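The structure under discussion appears below in the form of structure tokens.
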Protein chains: 2
Amino acid sequence: MHNGRVRHSVTIRDVARLAKVHPGTVSRALNPDTRALVNAATAERVADAAAQLGYQPNPIARGLKTNRSFTVGVLVPDITNPLFPPILRGIEDRLSRSGYTTLIVNTDNDSERERAALETMRARHVDGFITATARLEERVLSGFALSGTPIVLVNRGLEDGSLPMVGVDDRAGTLLAVEHVSSLGHRQIGHVAGPQDTSTGHQRYLGFLDAVASCGLDVEACPVSFASAFTEAGGARACAELFADGRELTAIVAANDLLALGCYDVLAQRGMRCPEDLSVVGFNDIPFIDRLRPPLTSVRVPQRDIGAAAGDLLLECLADPAAGRQIWLEPTLVVRGSTAAPRDPRRGSGTERLPA
Amino acid sequence: MHNGRVRHSVTIRDVARLAKVHPGTVSRALNPDTRALVNAATAERVADAAAQLGYQPNPIARGLKTNRSFTVGVLVPDITNPLFPPILRGIEDRLSRSGYTTLIVNTDNDSERERAALETMRARHVDGFITATARLEERVLSGFALSGTPIVLVNRGLEDGSLPMVGVDDRAGTLLAVEHVSSLGHRQIGHVAGPQDTSTGHQRYLGFLDAVASCGLDVEACPVSFASAFTEAGGARACAELFADGRELTAIVAANDLLALGCYDVLAQRGMRCPEDLSVVGFNDIPFIDRLRPPLTSVRVPQRDIGAAAGDLLLECLADPAAGRQIWLEPTLVVRGSTAAPRDPRRGSGTERLPA
DNA sequence: CTGTTAGCGCATTCAT
DNA sequence: ATGAATGCGCTAACAG
């Protein structure tokens, strides 16, 4: 055995030689699904030989034959958004324990990049997809689903609920938020809504309208402004709009935490304080949002659990393509320092510093 | 063509048939490296046929032949640590534009998980590794490097600098931090150090000692406490230790932002305010750390650039295994609200809430 | 129960 | 410049 071995790894054939059996037998002996087909004694001999040589099956060669890669593609808008890392860990957790490797791709909410990513991954023969990038009018995804590759949606769903998905009840979550500020005495509550082409943006908006009604608030006093993206900048723009026409507001319910952060920015600009001058509620309860100034009251979604459930669901779909259900987890409200009773429920009173 | 096509994608043979050439010719025509070998006219005919059929080369089959997978493995301790997502984006940015797909794995700083991850990825025939998980006494990594698979380190390096790496000058960064508080008038400065089995933890510690000397501070007045992990909890424990023996401190330089957050926790517990009672400096300048209460002064490391440089460096190593240099980027200091002049440089006194 | 054979899709010799 | 043949490492279908 000269030592110049560059990369010539040990193959099934080497094991066969050592165990004095046919390569086919090695394959059967080493594959859990087919081990039963082979004599226990030979199986063990093969296993020993494999161990001795440090044999590692080559998943690439296997995939060529079986048309399975044991990889799954995961699409997120932007891994830099703190919402996603915990979800990804949940996904990886479940998938890796079943032998799957995950390929993560950022799409930046660009449908062209999304298409390209799906294409690349399809070329790599991923066995399935999990995507957090769904938009309501999505056509691409449905197309892929039809092609036979399982797709599971996380966080965001489709209009028609035609694909398997894991998420929280966005309307219920928003209701929690509105009820909270409403019960604190707020009557003039604005909504900084998310992009309406996402289920999260849309459902939370609808949830806001529902909540305004069910809390007996005056619709006129509860304006809505739509952000074009779930970003801090988007939230700031939308929030500024809310104040543009000289409206009186004592609370804002934002469609996610990043939008709420944008609201914080606008408050700071206008010399208003939170929660004294304005209460703010976010959605998602992303990591570190509890460390902000002030700590953000937010609707918590169990991020890691969502990811784990998505992983499990994809596993189901992989095993039985007809599976594919929807899983809804419960959002809960986490009250922190960004919400308080309005200074004066009927009218902003006294020392009010701030017009602009 | 009956429609029951399940997953039978179009192969090089289908293209050959349509273009009326041999499969081998298709392979040559479609591969940029060998296109020159084929008549321009036929090449075009092949390209057309491929386009018409929507042919996608199968990287799995290709890899089986070429022993390259065009995938690279990326190891991070925990994607949930805000430091890593930007780095990962930088890596993905460079690698994907060269046709590589990245496999990301969390190791939780567990060397067993790390070994397993490397093994899994090796089995998948990744072409190279980028890892942010290096520990100084690392043996595994060197072993892999020897096996011929290029490895690039990010953020953390090895003791001996034997592997290609991209990072910042940790000692210089810490010097910036200490000089800053020192110039504000602090003389009793503690260091919450990171794990000493990581280069970042160790170098920043050494940098602190250097800085204490070069700023003319009294070593006795500048205690160090070591955290066992770069986490908030670790930082809290270490910070508490710093105060345990009734020490007087007016500033703390932490070895990273998460540790600094832990210091914040201890301050809150002890009823101390930052920066009035104690200044705190972090390291890394992770996302959202500027939104904390108070905004953290931190040594900024260009995270995304580091990732991009690591991607480029791996590409170099892939092209020329003998490459492998070290790349050092400059850290800079970002001053925010967590640092201010001590209330009284000589002794914590009266009402003075801050000059600065 | 095990050996044999064939072929997954492609790149790469060698001929021509 | 192109066709033909071979094999990467593995699994699956069929014999025996």
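Throughout, protein chains are lettered first and strands after them, A, B, ... in sequence-line order, and every chain is numbered starting at 1. Note that these values count all heavy atoms, side chains included, but never hydrogens, waters or copies made by symmetry. Note that the coordinates shown come from a computational prediction; the quantities given were computed from them, not determined experimentally.
Arg68(B) places its CZ atom 14 Å from the C1' atom of dA11(C), with the value rounded to the nearest Å. The nearest whole Å value for the distance from the CG atom in Asp14(A) to the P atom in dG9(D) is 9 Å. If you take CZ of Arg17(B) and P of dT2(D), they are 20 Å apart, rounded to a whole angstrom. Between Asn39(A) atom CG and dG3(C) atom P the separation is 11 Å, expressed in whole Å. Leu30(A) has its CG atom 9 Å from the P atom of dC10(D), to the nearest Å. Separating the CG atom of Leu64(B) from the P atom of dC10(D) is a distance of 9 Å, rounded to the nearest angstrom. For the pair His125(A) NE2 and dC10(C) C1', the interatomic distance rounds to 12 Å; values are reported in whole Å. For the pair Lys65(B) NZ and dA11(C) C1', the interatomic distance rounds to 5 Å; values are reported in whole Å.
Atoms OH and CZ, on Tyr100(B) and Arg94(B) in that order, are 15.5 Å from each other to the nearest 0.5 Å. Interatomic distance, Arg113(A) CZ to Leu118(A) CG, rounded to the nearest 0.5 Å: 13.0 Å. Separating the CD1 atom in Ile130(A) from the CG atom in Leu88(A) is a distance of 9.0 Å, to the nearest 0.5 Å. Taking CG from Asn106(A) and OG from Ser96(B), the interatomic distance works out to 9.5 Å, rounded to the nearest 0.5 Å.
Among the protein residues, Thr34(B) comes within range of no part of the nucleic acid, since none of its heavy atoms lies under 4.0 Å from any strand. Residue contacts shown for Leu37(B) include a base, since a base heavy atom lies under 4.0 Å away. Residue contacts shown for Val21(B) are limited to sugar-phosphate atoms, with no base heavy atom under 4.0 Å away.
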Can you list the steps and then say if Leu83(B) with Asn155(B) is a side chain to side chain contact (heavy atoms under 4.5 Å, CB included)? CA-CA 10 Å; Leu83(B) 171 63; Asn155(B) 193 41; 3.7 Å; yes
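An OP1 or OP2 oxygen of dC10(C) is reached within less than 4.0 angstrom by no side-chain nitrogen or oxygen of Ser27(B). For His22(A) and dT2(C), the shortest distance from a side-chain N or O to OP1 or OP2 is not below 4.0 Å. When the side-chain nitrogen and oxygen atoms of Thr42(A) are compared with OP1 and OP2 of dC1(C), none of them lie within a distance under 4.0 Å. Phosphate contact (OP1/OP2 of dT11(D), side-chain N/O of Thr66(A), threshold under 4.0 Å): absent. Neither OP1 nor OP2 of dG3(C) sits under 4.0 Å from any side-chain N or O of Arg28(A).
Residue-to-nucleotide proximity on DNA chain C shows that, of Pro23(A) and Ala36(A), the 5′-proximal contact is made by Ala36(A). Nucleotides of DNA chain D nearest to Gly24(B) and Gln56(A) differ in position, and the one nearer the 5' end is that of Gly24(B).
Not a single donor-acceptor contact under 3.5 angstrom links the side-chain atoms of Arg62(B) to the base of dT12(C).
Residue pairs satisfying the ring-ring contact (aromatic ring centres under 6.0 Å, His included) criterion with at least one member in residues 17-56 of chain A, sequence neighbours excluded, are absent.
Residues Glu114(B) and Thr133(B) have side chains that bring a donor and an acceptor to within less than 3.5 angstrom of each other.
Side chain of Asn58(A), nearest nucleotide from dC10(D), dG3(D), dG9(C): dC10(D). Side-chain atoms of Thr11(A) lie closest to dC10(D) of the nucleotides dT11(D), dT2(D), dC10(D).
For the helix from dC1(C)-dG16(D) to dT16(C)-dA1(D), the angle separating the two terminal helix axes comes to 40°, with each axis derived from five pairs and the value rounded to 10°.
A distance-only check finds no donor-acceptor pair linking the side chain of Asn31(A) to the backbone of Arg28(A) [under 3.5 Å].
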